[in-house]
Amino acid sequence: MIKEQIKETVNSSVGKYLDENGIDISGIDFDFEIEIPKNIKFGDYSTNAALILANKIKSKPRDVAESLIEILNSGDNTLFKKMEIAGPGFINFHLKEAVYLKGLMEIDSKGKQWGSSKIGEGQKILIEFVSANPTGYLHFGHARNAAVGDSLSRILKYSGYEVTKEFYINDAGRQMDLLGESVLVRYKQLFDIDIDIPEDGYQAEYIADIAKELKSQKDDSLLSLAEDEAQTICKDFAYEILLNEIKKDLLDAGIEFDEWYSEKKNIHTKKNGVNALEQVRGILDSKSSVFEDEGALWFKATDYGDNQDWVLIKSDGLPTYFYADIAYHSDKIQRGYNRLINIWGADHHSHVSRLKSAVTAINNDDKIIEVLLIQFVRLIKDGKEVSMSKRSGSFVTLREVLKEVGRDVTRYFLLMRSTDSHLDFDMNLAKEQSSDNPVYYIQYAHARIESVLTRADESGHSPSPENLESLELQEEMQVVKKLLQFPEIVDQSAASLAPHRIAFYLQDLASEFHVYYNRNKILTENNELTTARLYLISCIQTVLRNGLSLLGISAPRRM
RNA sequence: GCGCCCGUAGCUCAGCUGGAUAGAGCAACGGACUUCUAAUCCGUAGGUCACAGGUUCGACUCCUGUCGGGCGCACCA
């Protein structure tokens, strides 16, 4: 990358400067930035090296900057057309056009790989997301986590990590029992037995549908069974159906998991004669991190930085969700990952510290685990918020939204905001196929390019890097610079676990293309200029496509 | 009471590990289609970055506090 070349060059001139002046800064940590200034009149890149260095060696920034430029100019300078000192002591670089044009050819030759990197090479990441109870359909609240998790996986993979996408199925515990109970009640009602769904049970309509399906398969055979037995059958039956529906919806959203990890299985499977819970218990016991109180077993989270202790085994003898969760994370660690990323809804934030304290207890530190909290989504329809209460069964499902606005728009809208800010999903805007809708804006740029390339092909012109020096417009150089920033955007997005950066970048890039397109003809009378411009727009198309694919959004050839 | 996130243009939001004159889209107003896709483009207008201190050569960004908004603080999952 250009930025790295510049950094190296500047760094070596700093070294020379220090040598020449007999200054030793080996004891001081010194690092500087190479960045793209917001204002183009400050050049293509700029550095604060002189500012930082002057501060460390108690010298005047502008003097230091002047010396650095002198040194940079004295060597063989292949990068810079012009260097100048600005403001308090920034050095602004104007690059030679050839540097950019060479970059353009790199985009072309790397194609789909342009933007990818090897930053994560050799590192295994487990990314866990959605992980909804299989007690109902995925609702819209799950959708943001799903989209973010999936896009992040793509970005991390693109950055060289080995990524496993995992869905943790909460198939043990109270909620599943309630599901079984609820289905059984609906089933019995089909035989005119007068009972009601338990108060905290599942009231929604799909429960009745499942009961009907159950009846059509098993007739009245459950009625003669013991309550326990019948409930288990109902539970397993509903579980199968609902998990499949969840998988189907995710697939419709373009999301495929590598692993479906069952809580129940983890708890019950024995390794070396003990199950996962017992194994965790053993470790915690050995560290004296558990204690009994009022008939329950507690984890001493306060020993590991949390501000309260938590129950592992309730006084009724059953394990808590937290206990199973520790076992689950212990298993994740044993599977040999370097990083564990959990994507959770913001309402679970209080669980972060308790999980981290538990991970510290069993693994000595919690560095391995990162929790990305996703703020809530509000669904807005006709300017009003649509209530998404789960209890009333009136929540909006992911399925409904996908059906109404389609996969591309749904994903883009869920990804276009920073995860730590609330998101308003405007249904009316999402449905609109116009310039207001940023998804189409980006896709349109891609399709437009396709159309020009097709037209060019028909008239015997094809993109070529042979006459790139014909690209002499300032806006052409600007687009090229934008294209060359893409790998950096991907890096940032991966490092900060922030897919929305890609979305913003794509909007900017599409905008630059549209502006360029409106002002200039691609297909001109001048053959050399035409082939060069075709080359440029085909590079734009490549980057648009690569970016869209990181978001899991299609790049249509025609619109 | 404690904890997490947020507060930037009328609205929805960007602003990378502190950098130069704080940006985009929408909405408003005025323009551009006999010309490669007008799902596009151009122009105008819009700001005390919630507030108050602090750190720094430099703060929307970091720290402290205050005020607002959202979400959590279970022997539920």
Side-chain angles (χ1 to χ4, degrees), chain A residues 31 33 35-39 41-42 46 48 51 54-55 61 86-90 92 133 135 170 172-176 178 200 263 293-298 307-308 310-318 320-322 324-325 345-353 373-376 378 380 383 416-424 426 429 432-445 447-456 459 488-489 491-493 495-496 498 500-501 503-504 507-508 510-511 513-524 530 533-534 537 558-559:
Chain A
D31 195 22
E33 307 285 334
E35 59 176 21
I36 298 168
K38 283 174 199 157
N39 192 328
K41 88 173 190 211
F42 293 129
S46 81
N48 59 355
L51 281 166
N55 192 18
F90 291 101
N92 295 336
N133 288 334
T135 55
N170 296 139
R174 178 78 189 128
Q175 294 307 311
M176 290 307 291
L178 268 176
D200 47 358
E263 174 186 1
D293 189 36
E294 294 181 25
L297 186 75
W298 296 70
N307 49 20
Q308 65 179 297
W310 299 91
V311 170
L312 297 175
I313 299 178
K314 297 179 276 177
S315 52
D316 65 5
L318 293 174
T320 58
Y321 169 85
F322 176 49
D325 214 25
D347 53 338
H348 285 68
H349 80 260
S350 63
H351 298 175
V352 176
S353 57
L373 292 174
I374 312 281
Q375 298 300 319
F376 280 15
R378 289 195 311 164
I380 310 287
M416 70 181 175
R417 300 287 179 236
S418 157
T419 50
D420 49 30
S421 111
H422 294 244
L423 172 73
D424 281 352
D426 187 329
L429 176 59
E432 210 167 306
Q433 301 204 355
S434 74
S435 56
D436 305 3
N437 192 326
V439 191
Y440 295 116
Y441 183 80
I442 297 165
Q443 290 182 324
Y444 184 54
R448 242 181 172 180
I449 292 170
E450 184 68 26
S451 163
V452 179
L453 291 174
T454 306
R455 184 64 69 99
S459 61
E488 222 173 288
I489 300 290
D491 286 356
Q492 286 173 4
S493 174
S496 53
H500 77 281
R501 298 233 173 116
F504 273 91
Q507 269 187 81
D508 282 352
S511 164
F513 166 73
H514 285 308
V515 170
Y516 175 59
Y517 178 91
N518 268 278
R519 286 196 194 149
N520 305 284
K521 297 275 292 178
I522 309 297
L523 305 174
T524 65
T530 301
R533 285 188 171 171
L534 286 171
I537 65 166
R558 210 166 299 137
M559 287 174 78

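Not measured: the values here are computed from a predicted model. Just so we're on the same page: letters track the sequence lines, and every chain starts at 1.
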> Nearest of B/A20, B/C36, B/C16 to any side-chain atom of A/Ile522?
Replying inline: B/C36
> Can you tell which of B/G19, B/A77, B/A20 lies closest to the side chain of A/Arg174?
Replying inline: B/A77
>> Using whole Å, what does the distance between atom C1' of nucleotide B/C36 and atom CZ of A/Arg448 come to?
In response: 9 Å
>> Starting the side chain at C-beta, find the nucleotide from B/C16, B/U17, B/C42 nearest to A/Glu33.
In response: B/U17
> Once each nucleotide of nucleotides 6-14 of chain B is scored for protein heavy atoms under 4.0 Å, what B/S/- sequence comes out, 5' to 3'?
Replying inline: S-----BSS
> Is the glycosidic torsion of B/C26 within 90° of 0, making it syn, or is it anti?
Replying inline: anti
>> Go nucleotide by nucleotide along RNA chain B from the 5' end; which of A/Trp298 and A/Leu453 gets its closest nucleotide reached first?
In response: A/Leu453
> Is A/Leu51 touching bases, backbone alone, or none of the nucleic acid, heavy atoms closer than 4.0 Å?
Replying inline: base
> What is the minimum heavy-atom distance between A/Thr320 and A/Val311, and which atoms define it?
Replying inline: OG1-O, 3.0 Å
> With a 3.5 Å cut-off and just heavy-atom distances, do the side chain of A/His351 and the base of B/A77 make a donor-acceptor pair?
Replying inline: yes
> Under the criteria of a ring-centre distance below 5.5 Å and an interplanar angle below 30°, is A/Phe90 stacked with the base of B/G19?
Replying inline: no
> Is there a side chain to side chain contact (heavy atoms under 4.5 Å, CB included) between A/Glu35 and A/Ser46 once you walk through the steps?
Replying inline: CA-CA 5 Å; A/Glu35 59 176 21; A/Ser46 81; 4.0 Å; yes
> Expressed as a whole number of Å, how far does the C1' atom of B/G68 sit from that of B/G31?
Replying inline: 42 Å
>> Nearest to the side chain of A/Asn307, heavy atoms from C-beta on, is which of B/A77, B/C41, B/C2?
In response: B/C2
>> Rounded to whole Å, please give me the gap between CG in A/Asn518 and C1' in B/C41.
In response: 4 Å
>> Between C1' on B/C41 and CG on A/Asn520, what's the gap in Å once rounded to a whole number?
In response: 12 Å
> Between A/Tyr441 and A/Gln507, which heavy-atom pair has the shortest distance, and what is it?
Replying inline: CE2-O, 3.8 Å
Where do N or O atoms of nucleotides 62-64 of chain B meet protein N or O atoms at under 3.5 Å, pair by pair?
none

> Using the P atom in both, what is the distance from B/G23 to B/U44, to the nearest Å?
Replying inline: 14 Å
> So what does A/Glu488 hit on the nucleic acid, given a heavy-atom distance under 4.0 Å: a base, only sugar-phosphate, or nothing?
Replying inline: nothing
> Heavy atoms under 4.0 Å, any strand shown: does A/Ala510 hit a base, just sugar-phosphate, or nothing?
Replying inline: nothing
> Contact class for A/Ala324 vs. all strands (heavy atom < 4.0 Å): base, sugar-phosphate, or nothing?
Replying inline: nothing
>> If you compare all heavy atoms of A/Val452 against all heavy atoms of A/Leu534, which two are closest, and at what distance to 0.1 Å?
In response: CG1-CD2, 4.2 Å
> Considering only the P atoms, how many Å lie between B/C71 and B/C75, rounded to the nearest integer?
Replying inline: 23 Å
> Rounding to the closest angstrom, what is the interatomic distance between B/G46 and B/G10 at atom P?
Replying inline: 11 Å
> Mind checking the C1' distance from B/U12 to B/G58? Whole angstroms is fine.
Replying inline: 31 Å
> To the nearest 0.5 Å, how far apart are CG in A/Leu312 and CG in A/Leu318?
Replying inline: 13.5 Å
>> Could you tell me how far B/A24 sits from B/C62 if I compare only their C1' atoms? Round to whole Å.
In response: 26 Å
>> Base, sugar-phosphate or nothing for A/Ser451? Non-hydrogen atoms, less than 4.0 Å.
In response: base
> Counting any heavy atom closer than 4.0 Å, what does A/Ser315 reach on the DNA or RNA strands: base, sugar-phosphate only, or nothing?
Replying inline: base
>> Among B/U35, B/C41, B/G19, which nucleotide has an atom closest to any side-chain atom of A/Lys521?
In response: B/U35
> Looking at CD1 of A/Ile449 and OH of A/Tyr517, how far apart are the two atoms once the value is rounded to the nearest 0.5 Å?
Replying inline: 10.0 Å
>> Tell me which nucleotide, if any, is Watson-Crick or G-U wobble paired with B/A28 when both distances must be under 3.5 Å.
In response: B/U44
> For the atom pair CG (A/Asn437) and CG (A/Leu429), what is the distance rounded to the nearest 0.5 Å?
Replying inline: 5.5 Å
>> Looking at every heavy atom in both A/Ala86 and A/Asn92, which two are closest together, and how far apart are they?
In response: CB-ND2, 3.3 Å
>> Given B/A20, B/A77, B/C71, identify the nucleotide with an atom nearest to the side chain of A/Phe376.
In response: B/C71
> Touch check for A/Gln507, heavy atoms < 4.0 angstrom, all strands: base, sugar-phosphate only, or nothing?
Replying inline: nothing
> Which part of the nucleic acid does A/Asp325 contact within heavy-atom distance under 4.0 Å: base, sugar-phosphate only, or nothing?
Replying inline: nothing
>> Nearest to the side chain of A/Trp310, heavy atoms from C-beta on, is which of B/C42, B/A74, B/A20?
In response: B/A74
>> Can you measure A/His514 atom NE2 to B/G25 atom C1' for me and round it to whole angstrom units?
In response: 13 Å
>> Quick check for you: to the nearest 0.5 Å, what is the distance between A/Asp424 atom CG and A/Phe376 atom CZ?
In response: 13.5 Å
>> Please classify the nucleic acid contact of A/Asp491 as base, sugar-phosphate, or nothing, using heavy-atom distances under 4.0 Å.
In response: nothing
> For A/Ile489, does its backbone N or O pair with a side-chain atom of A/Ser493 as donor and acceptor, under 3.5 Å?
Replying inline: no
> Taking the P atom of each, how far is B/C57 from B/C11, in whole Å?
Replying inline: 38 Å
> Would you say the side chain of A/Asp200 and the base of B/A77 hold a donor-acceptor pair, judged only by whether the two atoms sit under 3.5 Å apart?
Replying inline: no
> Toward the 5' end of RNA chain B, which comes first, A/Pro37 or A/Leu523, by nearest nucleotide?
Replying inline: A/Pro37
> Can you tell which of B/G19, B/A74, B/C75 lies closest to the side chain of A/Gln308?
Replying inline: B/A74
> Is a side-chain N or O of A/Arg533 found less than 3.5 angstrom from the main chain of A/Lys521, in a donor-acceptor match?
Replying inline: yes
> What is the nucleic acid contact for A/Phe322, judged by heavy atoms within less than 4.0 Å: base, sugar-phosphate only, or nothing?
Replying inline: nothing
> In whole Å, what separates the C1' atom of B/C36 from that of B/C41?
Replying inline: 15 Å
>> I need the minimum non-hydrogen distance between A/Gln175 and A/Thr135, along with the two atoms involved.
In response: O-CG2, 3.9 Å
> A/Gln492 CD to B/U17 P: how many Å, rounded?
Replying inline: 8 Å
> Roughly, in whole Å, what's the span from CD in A/Glu35 to P in B/G19?
Replying inline: 7 Å
> Which base, if any, makes a Watson-Crick or G-U wobble pair with B/U66, both distances under 3.5 Å?
Replying inline: B/A50
> How many Å lie between CD on A/Gln375 and P on B/C71, as a whole number?
Replying inline: 11 Å
>> What contact category does A/Gln175 fall into here, base, sugar-phosphate, or nothing, at under 4.0 angstrom with non-hydrogen atoms?
In response: sugar-phosphate
> CD1 of A/Ile449 versus P of B/A39: gap in Å, rounded?
Replying inline: 16 Å
> Quick one: CD1 on A/Ile374 to CZ on A/Arg417, what's the gap to the nearest 0.5 Å?
Replying inline: 15.0 Å
> What closest approach, in Å, do A/Pro61 and A/Pro88 show between heavy atoms, and which atom pair accounts for it?
Replying inline: CB-O, 3.3 Å
>> Any side-chain N or O of A/Tyr441 below 4.0 angstrom from OP1/OP2 of B/C41?
In response: yes
